[in-house]
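The sequence lines fix the lettering, A, B, ..., with proteins before strands; numbering per chain opens at 1. Values below: every heavy atom of this structure, side chains too, minus hydrogens, waters and symmetry copies.
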Amino acid sequence: MTPDDLAAAVSTLVSTLADEGAFRLDSAPDVRVERPKSREHGDYATNVALALAKQTGMPPRELAGMLAQRLATVEGIASAEVAGPGFINVRLDSATQGGLARTVVEAGPLWGHGTSLAGRVVNVEFISANPTGPIHLGHTRWAAVGDAIARVLAAAGATVAREFYINDRGVQMDRFGASVMAVAHGRPVPEDGYHGAYVVDLAAAVLAEQPGIVDLPEDEQLAAFREVAYAVQLGQQQQVLALFGTRFDVWYSERSLHESGAVERGLDRLREQGHVFEQDGALWLRTTDFGDDKDRVLIKADGDYTYFATDTAYYVDKRARGFDLAIYLLGADHHGYVNRLRAVAACAGDDMDDNIEVLIGQLVKITKAGEEVKLSKRAGNIVTLEDLVDEVGVDAARYTLTRYPVDSPLTLDVAEMIRATNDNPVFYVQYAHARIASVLRNAAELGIDWQAADFDPALLDHERENNLLGMLAEFPRVVASAAELREPHRVARYLEDLATAYHRFYDACWVLPRGDEELAGIHVARMWLCAAARQTFANGLDLLGVSAPERM
RNA sequence: GUCCUCGUAGCUCAGUCGGAUAGAGCGACCGCCUCCUAAGCGGUAGGCCGUGGGUUCGAUUCCCGCCGAGGACACCA
């Protein structure tokens with residue numbers, strides 16, 4: 001029995017009692033079943049009686065008593081008692097609780113997956129770094145978290161596409177090309193260009209790719225440098241992200257948006273909806289109709305499209321491609337975009353609370369020996385994704401970046417992170433998985449086929465077995481809330497708690513027969529429990545894009 | 001100036017759709033390996049949950065003010 005099953009049981013019980021006339025019920029309550037912090041309060045507790053007290057006009061304890069009496073007779077429930085101001089503390093019988101191990105093992109890789117977001121077609125856009133330099137640590141947070149969000153949404157039943165928007169148009173690209181070209185000729189990089197050391201490598205790569213490039217006429221050469229360097233740089237970004245385990249379904253080029261006529265189509269769409277107007281020779285979008293601070297220019301007085309026009313067209317295009325929810329994951333420096341992007345959705349005739357979502361990630365601050373390292377691509381002071389992975393590995397990097405909510409700024413000390421590698425929580429969690437794998441390997445070596453043996457779940461009645469089962473039962477709820485709130489860090493935190501529960505179980509409950517001991521029911525039952533835990537670790541780590549090692 | 005996010009243990013941070021004794025990791029200290037992985041387990045020390053009000057049976061959680069930190073406010077890209 002999972003907490004959701006229990007909540008459903010309580011819920012039907014409430015309506016049954018109301019139908020019988022025990023009390024008046026205006027609206028069905030949102031029944032919440034929780035794991036109490038203290039085990040003395042049972043396996044589960046619910047505060048329905050407290051929540052319903054006002055509505056029914058009954059004292060909470062009296063209401064709770066009525067519910068508890070009936071609840072105790074439900075199959076699988078060992079006891080139900082009223083406690084405190086009106087909580088109902090429920091204990092499950094151990095067979096019901098232990099049976100969860102079988103449920104988990106049989107569900108396999110799908111254990112924890114749900115249907116709360118079934119039917120939603122979601123576009124998750126993240127990173128979208130300019131193709132003018134390497135992926136750095138600022139992007140890396142989203143590389144890890146954005147990917148995890150996509151995974152979690154999919155686990156909740158949504159159809160998800162990961163998208164990377166390539167800003168391959170505009171002044172920055174020209175400056176980029178000019179910088180690479182200058183370096184290739186051994187000339188100083190222009191003041192407004194890119195000064196990073198990586199430009200030198202890029203120049204070399206461009207020359208290797210197209211040796212004759214320096215002999216082209218100046219203006220042609222500039223364009224050629226821009227294009228070749230762009231291709232090389234984008235290729236590197238793609239390679240590094242693949243190495244990091246973040247794969248995109250769509251690499252969407254800004255140029256293609258213009259070339260395909262999507263910009264005009266976007267404008268048409270906005271015109272149809274009637275929020276476009278002309279003023280001072282420019283074309284504007286009245287975003288203030290929907291909560292933006294000021295109206296925005298789409299086409300400047302000189303006839304050029306603004307960047308905002310492109311953003312707008314891009315959103316309209318996403319919707320036209322069939323996505324009913326566009327999620328944007330942006331850095332804190334793009335904070336001002338939130339209201340205007342939402343307004344864009346509304347101006348396009350969409351529901352800005354349902355079709356668009358803009359998540360802002362606070363920047364990652366890096367310190368080295370206690371001193372802040374400033375990140376600036378132009379100045380060339382970069383900690384890249386590649387550097388990070390080289391130093392701490394993909395798993396530690398991904399895990400460290402996904403275990404914190406993105407709306408709080410994160411400070412990572414590079415030295416600390418490297419030094420603390422062995423103490424990193426990721427190893428604590430992975431170790432639990434490897435430990436289980438080892439136990440089950442040993443079982444196989446002993447010739448034990450636990451899956452074929454009789455499994456009596458009622459034998460799992462040790463306090464730490466009970467606790468571990470309780471933790472396992474939480475997994476589907478954790479996944480669902482991580483998806484609903486777009487907060488994959490909840491999965492990481494959960495896995496850490498689960499690891500504690502497992503290690504404590506392992507410490508107190510010997511799994512395999514020792515020495516010449518006969519194989520008994522308790523051994524089999526514990527192997528089922530181990531297998532269920534292993535599956536949960538594997539599924540949880542997978543949601544974070546972190547590997548679940550068989551050995552460590 | 002306006003708006004947004006945040007203030008929880010020495011450090012880095014969880015938790016909170018209002019609930020029963022506020023958590024983890026790191027750091028400090030003390031214990032536990034003649035049999036399944038000690039990257040583990042058990043224990044000790046460490047908190048006016050920034051601050052002042054309000055709502056409530058009940059506030060670290062919700063509302064308002066204040067203080068502090070970070071960020072955003074272009075016919076830029």
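A:Trp450 and A:Trp528 have perpendicular rings, their planes meeting at more than 60° on a 0 to 90° scale where under 30° would count as parallel.
Secondary-structure annotation of RNA chain B gives the stems B:1-7 with B:67-73, B:10-13 with B:23-26, B:28-32 with B:40-44, B:50-54 with B:62-66, with a stem taken as at least 3 successive Watson-Crick or G-U pairs whose two distances both fall under 3.5 Å.
Taking A:Asp449 as the reference, nothing meets the side chain to side chain donor-acceptor pair (under 3.5 Å) condition, with sequence neighbours excluded. Shown here are the salt bridge (Lys or Arg N to Asp or Glu O under 4.0 Å) partners of A:Arg441, two or more places apart in sequence or in another chain: there are none. Scanning for salt bridge (Lys or Arg N to Asp or Glu O under 4.0 Å) contacts around A:Glu254 gives an empty result, with sequence neighbours left out. Judged as a side chain to side chain contact (heavy atoms under 4.5 Å, CB included), and not counting sequence neighbours, A:Asp280 has no contacts. Not a single side chain to side chain donor-acceptor pair (under 3.5 Å) links A:Asp311 to another residue, sequence neighbours left out. With sequence neighbours excluded, the residues satisfying salt bridge (Lys or Arg N to Asp or Glu O under 4.0 Å) with A:Asp317 are A:Arg321. Taking the salt bridge (Lys or Arg N to Asp or Glu O under 4.0 Å) definition, one finds that A:Glu496 meets it with A:Arg403, sequence neighbours left out.
Comparing the P positions of B:U51 and B:A39 gives a spacing of 41 Å, expressed to the nearest Å. Only the C1' atoms considered, B:C13 is 37 Å distant from B:C76, to the nearest whole Å. Here the separation of B:C48 from B:C30, taken at their C1' atoms, is 30 Å to the nearest Å. Distance check on atom P: B:C35 versus B:G19 gives 46 Å, rounded to whole Å. Comparing B:C11 with B:C66, their P atoms sit 28 Å apart, to the nearest whole Å. Between B:G65 and B:C57, the distance separating the two P atoms is 25 Å to the nearest Å.
Counting non-hydrogen atoms under 4.0 angstrom, A:Phe308 reaches nothing in the nucleic acid. At a threshold of 4.0 angstrom between heavy atoms, the contacts of A:Asp280 include nucleobase atoms, whether or not backbone atoms are also involved. The residue A:Pro513 sits apart from the nucleic acid: no heavy atom pair falls under 4.0 Å.
The side chain of A:Tyr404 has B:C13 as its nearest neighbour among B:U37, B:C76, B:C13. Considering only the side chain of A:Tyr431, B:U37 comes nearest among B:G15, B:U37, B:G25.
Nearest-nucleotide positions on RNA chain B place A:Ala499 closer to the 5' end than the other of A:Trp284 and A:Ala499. With RNA chain B read from its 5' end, the first of the two nearest nucleotides for A:Ala434 and A:Tyr305 is the one closest to A:Ala434.
One atom, CD1 of A:Ile360, and another, P of B:C6, lie 12 Å apart when rounded to the nearest Å. As rounded to whole Å, 14 Å separates atom P of B:A77 from atom CG of A:Asp192. For the pair A:Tyr502 OH and B:U37 C1', the computed distance is 10 Å after rounding to whole Å. Summarising the geometry, the separation between CG on A:Leu341 and P on B:C4 is reported as 17 Å, rounded to the nearest angstrom. Between the CD atom of A:Glu474 and the P atom of B:A14 there is a distance of 21 Å, rounded to whole Å. Regarding A:Arg493, its CZ atom lies at a distance of 15 Å from the C1' atom of B:A22, rounded to whole Å. Between the P atom of B:C41 and the CD atom of A:Glu496 lies a distance of 12 Å, rounded to the nearest Å. When rounded to the nearest whole Å, the span between CD of A:Glu62 and P of B:C57 equals 19 Å.
The base of B:A24 lies outside donor-acceptor range of the side chain of A:Tyr494, with no N or O pair under 3.5 Å.
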Practice task
Apply salt bridge (charged side-chain N to carboxylate O under 4.0 Å, His left out) to the pair A:Arg175 and A:Asp192, showing each step before the final yes or no.
Solution key: CA-CA 7 Å; A:Arg175 290 179 181 161; A:Asp192 60 2; 3.4 Å; yes
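Residues in residues 512-527 of chain A take part in these salt bridge (Lys or Arg N to Asp or Glu O under 4.0 Å) pairs, two or more places apart or across chains: A:Glu465-A:Arg526. Legend: salt bridge (Lys or Arg N to Asp or Glu O under 4.0 Å) pairs involving residues 281-292 of chain A, not counting sequence neighbours, sorted by first then second residue: A:Asp292-A:Arg296.
With its glycosidic angle more than 90° from 0, B:C26 adopts the anti conformation.
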Report, one pair per line, the protein and nucleotides 32-36 of chain B atoms (nitrogen or oxygen only) whose separation is under 3.5 Å.
residue	atom	partner	partner atom	Å
B:C35	N3	A:Arg514	NH1	3.3
B:C35	N4	A:Arg514	NH1	2.7
B:C36	O3'	A:Asn442	ND2	3.0
B:C36	O2'	A:Asn442	ND2	2.4
B:C36	N3	A:Val511	N	3.2
B:C36	N4	A:Tyr506	O	3.0

Please write out each protein N/O paired with an N/O of nucleotides 16-21 of chain B under 3.5 Å, distance rounded to 0.1 Å.
residue	atom	partner	partner atom	Å
B:U16	OP1	A:Arg490	NH1	3.3
B:C17	OP1	A:Arg32	NH2	3.2
B:C17	N4	A:Arg32	NE	2.7
B:A20	OP2	A:Lys37	NZ	2.9
B:A20	N6	A:Asn89	OD1	3.2
B:A20	N1	A:Asn89	OD1	3.4
B:U21	O4	A:Ser38	OG	3.3

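With respect to the salt-bridge test (charged N to carboxylate O, under 4.0 angstrom), the residues A:Glu474 and A:Arg490 do not qualify. By the 4.0 Å N-to-carboxylate-O rule, A:Arg255 lies close enough to A:Glu227 to be salt-bridged with it.
For A:Tyr428, a side-chain nitrogen or oxygen approaches OP1 or OP2 of B:C41 to under 4.0 Å. Residue A:His489 has a polar side-chain atom (N or O) positioned under 4.0 Å from OP1 or OP2 of B:G15.
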